[in-house]
There are 2 protein chains.
Amino acid sequence: MDEVDLIIAQWAKQRPELNTRPMALIGRLMRVSHVLAAEMGKTFAKHNMNGPSFDVLATLLRTGPPHALSPNDLLATMMITSGTMTNRIDRLEQAGLVKRIQNQNDKRSVLIALTEQGKTLIEKTVTAHVETQEKLVSPLTDEEQATFNKLLIKYLSANENV
Amino acid sequence: MDEVDLIIAQWAKQRPELNTRPMALIGRLMRVSHVLAAEMGKTFAKHNMNGPSFDVLATLLRTGPPHALSPNDLLATMMITSGTMTNRIDRLEQAGLVKRIQNQNDKRSVLIALTEQGKTLIEKTVTAHVETQEKLVSPLTDEEQATFNKLLIKYLSANENV
DNA sequence: CTATTTTATCTTGATGTCAAGATAAATGAA
DNA sequence: TTCATTTATCTTGACATCAAGATAAAATAG
C-alpha cells in the first residue's frame, strides 16, 4: 500500500467507473523519475552544477576531441527548445565552463567548446554520476534491471513518432 | 539502436571504463517520463489547464465532498514545496476554479475548495485524462504492464527513505 | 542575379519551481 | 502566565523552461 494505492482507492470510491490501471503504472513511473532526478541532482550539486549543465557538458565530453558542437547539434540529443539551449550555454559561458567560437564557414552558426576548466570539471563529475547511478539501480537485481530495460526499449520504440 | 544506445556507444569510445548499464536504464526511464508528461499535457491543454493545475484540482475532486483541503494537506500528496503550492493555488483562484476559505478554528490555516466551475471542469478533464493514459500504456501488453508495475513498486518500496 | 524560403541562433514574456526566510497563530515548557 | 518552539502559509529572488517571434545568413527557385 503506497501513495499511489491510496490515490487509486480514492478514485475507486468517488469515480468507480474509471480505469485506474494505467494511472497506477504511469503515476509510479513519474514518481520514480522524480526520485531519480532528485538523487542525481545531489551529485551534480556537489560539483557545483545541475542537471541541465551536466547534460550539455557531458554531451560535449562524450563527443570526443575537440569537445565542440553547435547549439543545434546539442539540441538534437536533448528534448528542449532552442531558447532553452541558448540559456544553458549563457550560464555555462558565464561560469567559464564553455566558450562560444564563431564558425567562419557559416556565420549563422557558432561552436560551443569545453574550456580546460569545463573539461576537468565534467570528467570528474561524470565519474561520480555513474557511481550514483549504480547506487540508484541497485535495489533491483541484474535480471530485474534487464527486464525493466527491455520494457522501456519496447515502449520507446512504439513511441518514436509520438 | 535508439538515442540512448548512441550515447552509450560514445561513452564506450571516450571512457571505456565507465559502467553504462545503469545509465541506459535510467536514461530510458527519464525519456519515457518526459514523453508521458508531454502527451498528458496535451489533454490538459485541451481543457485549458496544465499538469500542476490538474494535480491540485484532481486531488480536491477525489477527496470527495466537500472537495476542500488545506494547502498543507494538498502538499502531502505532491512532491512540491509550500511556495510552489501557494503559487498553484493563486493561479487556480485567479481562474475561478478554487477559492480560499478561512478556517475559523485555526487562523493560520485556510481551506482550498473547488468552485462549481472548477468541479465541472475537473470532472470532464479526469475522464479525458484516463482515456489518454489508456492510450499511453497500450503499446505494452497487459502482462508487460503488470511486470512493469511490479518493478516500479519494488523500486519505490526500496526507496521510501531516500 | 534577385527574391523567397529555410536554417541557426537569440530574444521576449509568461509560468513553474525551489530554497530560504518572513509572518502569524497555535502549542508547549517553565 | 509568559516565553520559546512549532506549524501553516506566504514572500522573495534566482533559475529553467517553453512558445512565439525576431534576426541574420545560407540555400534555393525562377
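We name chains A, B, ... by the order of the sequence lines, and we start the count at 1 in each one.
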Check: With A:Arg28, which residues qualify under side-chain hydrogen bond (donor to acceptor under 3.5 Å, both in side chains), at least two apart?
Finding: A:Asp2, A:Asp5, B:Asn149
Next item on the list: Heavy atoms of chain B, cut-off under 4.0 Å: which first and last nucleotide of DNA chain C, 5' to 3', fall inside that, if you could look?
Entry: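 Extent of the interface on DNA chain C: C:dT15 to C:dA26.
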Next item on the list: For the helix from C:dC1-D:dG30 to C:dA30-D:dT1, measure the angle between the helix axis at one end and the axis at the other, each built from five pairs, rounding to 10°.
Entry: 10°
Next item on the list: Please lay out, stage by stage, how B:Glu39 and B:Lys135 fare under the test side chain to side chain contact (heavy atoms under 4.5 Å, CB included).
Entry: CA-CA 10 Å; B:Glu39 290 302 309; B:Lys135 265 188 220 124; over 6 Å; no
Using modelled atom types and a 3.5 Å cut-off, is there a donor and acceptor pairing between side-chain atoms of [X] and backbone atoms of [Y]?
X        : Y       : value
B:Tyr155 : A:Leu29 : no
B:Gln145 : A:Leu25 : no
B:Thr115 : B:Leu97 : yes
A:Ser33  : A:Met30 : yes

Notebook entry, point to check: Do A:Asn87 and A:Thr84 get their side chains close enough for a donor-acceptor pair, meaning under 3.5 Å?
Noted result: no
Taking only residues two or more places apart in sequence, or in another chain, which ones meet [X] in a salt bridge (Lys or Arg N to Asp or Glu O under 4.0 Å)?
X        : result
B:Arg100 : B:Asp90, B:Glu93
A:Glu17  : A:Arg15
A:Glu144 : B:Lys154

Checklist line | Qualifying ring pair (Phe, Tyr, Trp, His ring centres under 6.0 Å) pairs with a residue from residues 7-40 of chain A, counting only residues at least two apart or across chains | finding: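 Output for this query is empty, none listed.
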Notebook entry, point to check: Atom CZ of A:Phe44 and atom C1' of D:dC15: how far apart are they, to the nearest Å?
Noted result: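 Going from CZ in A:Phe44 over to C1' in D:dC15 covers 16 Å.
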Note to self: So, using ring-ring contact (aromatic ring centres under 6.0 Å, His included) as the criterion, who are the partners of A:His129 when residues are at least two apart?
What the structure shows: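 With neighbours one apart ignored, the set is A:Phe44, A:Phe54.
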Margin query: Can you list, in residue-number order, the parts of residues 73-106 of chain A that come under 4.0 Å of DNA chain D, counting heavy atoms only?
Written below: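 Going residue by residue through residues 73-106 of chain A, the ones with a heavy atom under 4.0 Å of DNA chain D turn out to be A:Met79, A:Ile80, A:Thr81, A:Thr84, A:Asn87, A:Arg88, A:Arg91, A:Asn105, A:Asp106.
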Notebook entry, point to check: Can you list, by residue number, the residues of residues 59-70 of chain B that have a non-hydrogen atom closer than 4.0 angstrom to DNA chain D?
Noted result: B:Ser70
Margin query: Looking at every heavy atom in both A:Asn19 and A:Pro22, which two are closest together, and how far apart are they?
Written below: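 Result for this residue pair: OD1-CD, 3.3 Å.
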Checklist line | Taking every non-hydrogen atom, the tightest pair across B:Thr147 and A:Thr147 | finding: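 Closest pair (atom of B:Thr147, atom of A:Thr147, distance): CG2-CG2, 3.8 Å.
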Between side-chain atoms of residues 56-65 of chain A and protein atoms elsewhere (two or more places apart, or another chain), which donor-acceptor pairs fall under 3.5 Å?
| unit_1 | atom_1 | unit_2 | atom_2 | d |
| --- | --- | --- | --- | --- |
| A:Thr59 | OG1 | A:Asp55 | O | 2.6 |
| A:Arg62 | NE | B:Gln10 | OE1 | 2.8 |
| A:Thr63 | OG1 | A:Thr59 | O | 2.6 |

Margin query: Walk along nucleotides 1-7 of chain D from 5' to 3' and tag each nucleotide B, S or - by protein heavy-atom contact under 4.0 Å, base first, then sugar-phosphate.
Written below: ------B
